[in-house]
K.L.:
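First the structure, then my questions, so here it is.
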Protein chains: 2
Amino acid sequence: MTESASVIDVARRAGVSLGTVSNVLNRPERVAPATRERVRQAIEELEFVRNEAARQLRTGRSRTIGLIVLDVGNPFFTDLAAGVENAAEEAGLSVILCNSGNSATREDHYLSLLQEQRAYGILITPVTGKNDRIQELRARGMQVVLVDRGSAKRQCSVSVDDVVGGELAVAHLIAQGHERIAFVGGPVSINQVADRLVGARRAARSAGLPKTAIRLIRTPGLNVAAGRKTGEQIAGMPPRTRPTAVFCANDLLALGVLQEMTRRNLDVPGDLAIVGYDDIDFAAAAAVPLTSVRQPRAQLGHTAAELLIDEVSSPETHQHRQVVFEPELVVRESSDAKLST
Amino acid sequence: MTESASVIDVARRAGVSLGTVSNVLNRPERVAPATRERVRQAIEELEFVRNEAARQLRTGRSRTIGLIVLDVGNPFFTDLAAGVENAAEEAGLSVILCNSGNSATREDHYLSLLQEQRAYGILITPVTGKNDRIQELRARGMQVVLVDRGSAKRQCSVSVDDVVGGELAVAHLIAQGHERIAFVGGPVSINQVADRLVGARRAARSAGLPKTAIRLIRTPGLNVAAGRKTGEQIAGMPPRTRPTAVFCANDLLALGVLQEMTRRNLDVPGDLAIVGYDDIDFAAAAAVPLTSVRQPRAQLGHTAAELLIDEVSSPETHQHRQVVFEPELVVRESSDAKLST
DNA sequence: ATCCGCGTGTGAAACCTTTCACTGATGGGC
DNA sequence: GCCCATCAGTGAAAGGTTTCACACGCGGAT
C-alpha cells in the first residue's frame, strides 16, 4: 500500500483534533453534528481507511474470530462455517477459516497463528480429545469454544449428541432386520467417531444382539476415497459373513462405499444397506439417496459464535454453557427397500 | 488476553537490547550463536508470543492473503481454496476465506475489510465483470489477482478457458446424437456462465445446428435447489419439444436436475442426458455418475497465490501474467447410454 | 602506528490508533 | 450573581514491533 491518510491528516483537514476524529469513528454521538459532518467530509476527500493493525495494537484484541475445522472439503464444515459467519457478521466481526485437515501439527500451527494475531477468540473442532494447548491458551486469556465436541463445565462448547446419533442409526438398521452390521470409520481417536461407535454398540445391546453384531471396519480418514476402499473390502468378503448393512461415521465415507457398490452392480439396500452421518446436501442427491443422521449444522456454528461473543464481551456475567443438540435420523432409500420404487 | 511479555521484557531477561531480540526473530544469522541462544531461552521462559498487530503496524502490511470466492458451499471453491492455502503456507502466509455468495454488496464489504486489514494481497472471483472497486484498490497499491476469470494485460489472472469448456460439453452431446439441447445457468451476468454459454453455442454452430438448437434456461443461482427447480420445469415440458440433453453451468445445478429426474423416474441419460461443469468429487458419486468438465481446481488456486506472492515480493521484476488452463471433459453415464450397464 | 572493514550489538524513532484526564463554554437552578 | 452539571472538543500517552544510523572492539592491511 502506498502512503495513505491517517487520522492526523483527517484531523488537520477538518480543523479538529485527532481525538475528535477518533470519536467520530467510534462514538459519533459524542460529537456535534456539524463537526461530525465536517470530519466525515474530510475522511471522504482523503479516502481515509482505518488501519486495523493500529487499532488492534491499541485495543489489544483483533476483531477476527478464528475457526479451526477438521476438513474444509467436507460440506458439513462449510455449512457450519456459514453459521459462524452469520453470527459474526451480526456482531461486526470477521472470521478466518483454518483447516487442520485432521492433523495435530497443522492444528497447532493455526493455534500459534491465532495467538500471534491476538484473535478475538477461537472456535475449534479439536483433532484429539485432550488438547493441552487449548487449556494453555485459555489460561493466557484467550477465549475458546469447542465445536462439535462436548466439554467439561469449565468451558463453553456446542455439540450434537453423537452417541444418540449412533444409536438412532443402528436401531433403525436393526428394525429393518439387519443382524450383521459394520461400523465404518476412523481414526477412532477422533471423538465423533468413537462416540458414534459407542452409540451403535449400545443400540445393538439394547436389541439383544450379540457383541459381535457390530463389526468395526477402521478407515484412515473420513473422506470419499476411504469409503471407496472400504467398499472394495466389503465387496470382497464372502457373502455369508459379509455385513448386510453399514453405518458410516460420515456421509463422505457413505458416499464412497455407495459409489463402489454401484460400480460393482451390487444393490443398495438389497445387498448392502447404508446409513451415513451429517446429512450433507449431497446425501440426498446420491446414486441411491442416502439415509443419514442430520445435525443442525449452521445452527451449531451460529450458537458457538454467540457463546464466544458473549464470553468475550461480558466476561463478568458470562456463564459457561455446554449446548448439546439432538440429532435426527433421515430415512431414505439407501437403508429402506420399501422406499425404492 | 492477559498481559503478555513483549520484546522489551525478553531483552531485559536476556541482557541484550530490544533490537537484538528483533534480530533473533527476523534475521537470526546476524546474531552471534551464544547470544541467540540466550535470547531463545528468554523467549521460552517468558512464553513470549510475537504481537502480529504491532508487527503489521510497523511493516505496513499483514501476512494474510484475502481470498474472496463466490460460494463456499460449492466444493469447487473449497478445493480452490485448498490450493491457495498450500501455496500460502509455503511462503509463511495465512489465508482468510471470504464468501461473497454472489452478492456485490458482500463482496464490497469484504474488500473494505481487507483494505482496513492491509491484507498482504487479494485473490478474488469477482461477482461482476467490471469491478471499479478493484481497480481503485490496485491504484492505492493493493495487489489483486483475479481467479477463475481472465483479465487484461495490466494485471495478473488465473482462469480456465470457459468457452472451450462449453464447447467440449456441447460437442460431446451433439456427438451423442442430441439436437435439442438446453443450457442451464444464471445469472448470465456471471462471466463463467456467459462464457460457457458462448462455447455451447459455438459448438452448435460448428456442427451446423440451427441457432435454436441451444435453448437457454435461466436460473437465479448456481446451486442444487435451483437445479431441482429447473428439473421440474423440464419435466413439465411436452415431450416433443422437451430438450433431450442439458448442459448445466456447474455441477450443483446438474446434480439438482438429476435429483429431480430420478425422483420422477425419468431415465438419465435416456430421457435426458446431463452434463455438468467443475467435476467436483460428488459428481462421480451421483445417482447417475455425472459427465462433467473438469477444471484443475487446486492448481488454479495454487498458481493464483504464487502470482500474487511474486507480485508483492518482487514488485520491480514482476511481470503480469494471464494464466489460462485448459478444461477437460470427463464422460460418465449421465450423458452416455453405452456406459450404463 | 594508523586506518579500514567486519561482525555484533544498541536504542531512538516511527508506525497509527484509542483512551482518558482535562479545558472551556453554556445554561439551569438556587 | 454564583455554582454545578453537561457537553464538545483537546492532545498527550500508550500499545509492541521493526528499522536504521550508529557505536564498539578487534584483526589485518598499509
Side-chain angles (χ1 to χ4, degrees), chain A residues 1-40 42-43 46-64 92 115-120 140-141, chain B residues 1-40 42-43 46-64 92 115-120 140-141:
Chain A
M1 302 282 296
T2 39
E3 25 33 74
S4 49
S6 79
V7 271
I8 298 192
D9 302 319
V10 174
R12 197 149 29 211
R13 176 146 197 147
V16 296
S17 81
L18 91 184
T20 303
V21 176
S22 179
N23 279 335
V24 170
L25 256 27
N26 302 302
R27 321 190 206 41
E29 73 282 0
R30 292 205 195 161
V31 179
T35 322
R36 204 191 304 161
E37 204 33 59
R38 204 143 35 91
V39 172
R40 291 241 163 94
I43 288 178
L46 295 173
E47 300 187 319
F48 167 77
V49 175
R50 210 207 230 116
N51 185 323
E52 184 64 25
R55 185 187 206 193
Q56 278 179 39
L57 175 58
R58 175 63 227 205
T59 60
R61 207 171 204 126
S62 101
R63 304 189 55 74
T64 301
Q115 193 181 6
E116 287 191 357
Q117 309 209 115
R118 305 291 192 270
Y120 179 89
R140 299 194 62 180
Chain B
M1 302 280 297
T2 41
E3 31 25 80
S4 50
S6 78
V7 271
I8 299 191
D9 301 320
V10 173
R12 198 151 28 212
R13 176 143 197 149
V16 296
S17 79
L18 89 183
T20 303
V21 175
S22 178
N23 279 334
V24 170
L25 256 27
N26 302 302
R27 324 195 212 31
E29 73 283 0
R30 291 206 196 159
V31 179
T35 322
R36 203 190 304 162
E37 201 36 57
R38 206 144 32 93
V39 173
R40 292 242 161 93
I43 287 177
L46 295 174
E47 300 186 320
F48 166 78
V49 176
R50 211 207 229 113
N51 184 323
E52 186 63 27
R55 187 188 204 190
Q56 278 179 37
L57 174 58
R58 174 63 227 205
T59 59
R61 213 179 195 117
S62 100
R63 303 188 54 74
T64 301
Q115 195 182 6
E116 286 193 355
Q117 309 209 113
R118 305 291 191 269
Y120 179 87
R140 299 195 62 182

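Quick caveat: nothing in here was measured; it's all calculated off a predicted structure. Computed over heavy atoms, backbone and side chain alike; hydrogens, waters and symmetry mates excluded. By convention in this document, chain letters (A, B, ...) are assigned in the order of the sequence lines, proteins followed by strands, and residues within each chain are numbered from 1.
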K.L.:
Pick the nucleotide of DNA chain C nearest each of B:L57 and B:T20; which residue has the one closer to the 5' end?
P.N.:
B:T20
K.L.:
Residues in salt bridge (Lys or Arg N to Asp or Glu O under 4.0 Å) with B:R13, at least two apart?
P.N.:
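Listed in chain order: B:E45.
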K.L.:
Five pairs at each end of the helix from C:dA1-D:dT30 to C:dC30-D:dG1: take the axis at both ends and give me the angle between them to 10°.
P.N.:
50°
K.L.:
Separation of B:R118 atom CZ from C:dT17 atom C1', in whole Å?
P.N.:
11 Å
K.L.:
Taking DNA chain C as the partner, which of residues 46-54 of chain B come within under 4.0 angstrom of it by heavy atom?
P.N.:
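Result for residues 46-54 of chain B: none.
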K.L.:
So which protein nitrogen or oxygen atoms get under 3.5 Å of nucleotides 19-22 of chain C's nitrogens or oxygens?
P.N.:
residue : atom : partner : partner atom : Å
C:dT19  : OP2  : A:R27   : NH2          : 3.0

K.L.:
Roughly, in whole Å, what's the span from CD in B:E29 to C1' in C:dC6?
P.N.:
15 Å
K.L.:
Return the set of residues passing salt bridge (Lys or Arg N to Asp or Glu O under 4.0 Å) with A:R40 (not counting sequence neighbours), or none when no residue passes.
P.N.:
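Listed in chain order: nothing, the list is empty.
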K.L.:
Could you list the residues that satisfy side-chain contact (heavy atoms from CB on, under 4.5 Å) with A:V10, not counting sequence neighbours?
P.N.:
A:V21, A:V39, A:A42, A:I43, A:L46, A:F48
K.L.:
Using salt bridge (Lys or Arg N to Asp or Glu O under 4.0 Å) as the criterion, list what pairs up with B:R30, not counting sequence neighbours.
P.N.:
none
K.L.:
Examine C:dT18: is either OP1 or OP2 under 4.0 Å from a nitrogen or oxygen in the side chain of A:R55? Give yes or no.
P.N.:
yes
K.L.:
Shoot me the first and last contacting nucleotide of DNA chain D against chain B, ordered 5' to 3', at under 4.0 angstrom to non-hydrogen atoms.
P.N.:
D:dG16 to D:dT19
K.L.:
Test: salt bridge (charged side-chain N to carboxylate O under 4.0 Å, His left out). Region: residues 17-26 of chain A. Which pairs qualify, not counting sequence neighbours?
P.N.:
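Residue pairs passing salt bridge (charged side-chain N to carboxylate O under 4.0 Å, His left out), neighbours aside: none found.
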K.L.:
Salt bridge (Lys or Arg N to Asp or Glu O under 4.0 Å) with A:R55: which residues, sequence neighbours excluded?
P.N.:
A:E52
K.L.:
Check nucleotides 26-28 of chain C for protein N or O atoms closer than 3.5 Å to its own N or O atoms and list the pairs.
P.N.:
none

K.L.:
Taking side-chain contact (heavy atoms from CB on, under 4.5 Å) as the definition, give me every residue that meets it alongside B:L18, ordered by chain and number, with sequence neighbours left out.
P.N.:
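side-chain contact (heavy atoms from CB on, under 4.5 Å) list for B:L18, sorted by chain: B:I8, B:A11.
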K.L.:
Provide, to the nearest angstrom, the distance between the CZ atom belonging to A:R12 and the P atom belonging to C:dC16.
P.N.:
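Atom CZ in A:R12 sits about 12 Å away from atom P in C:dC16.
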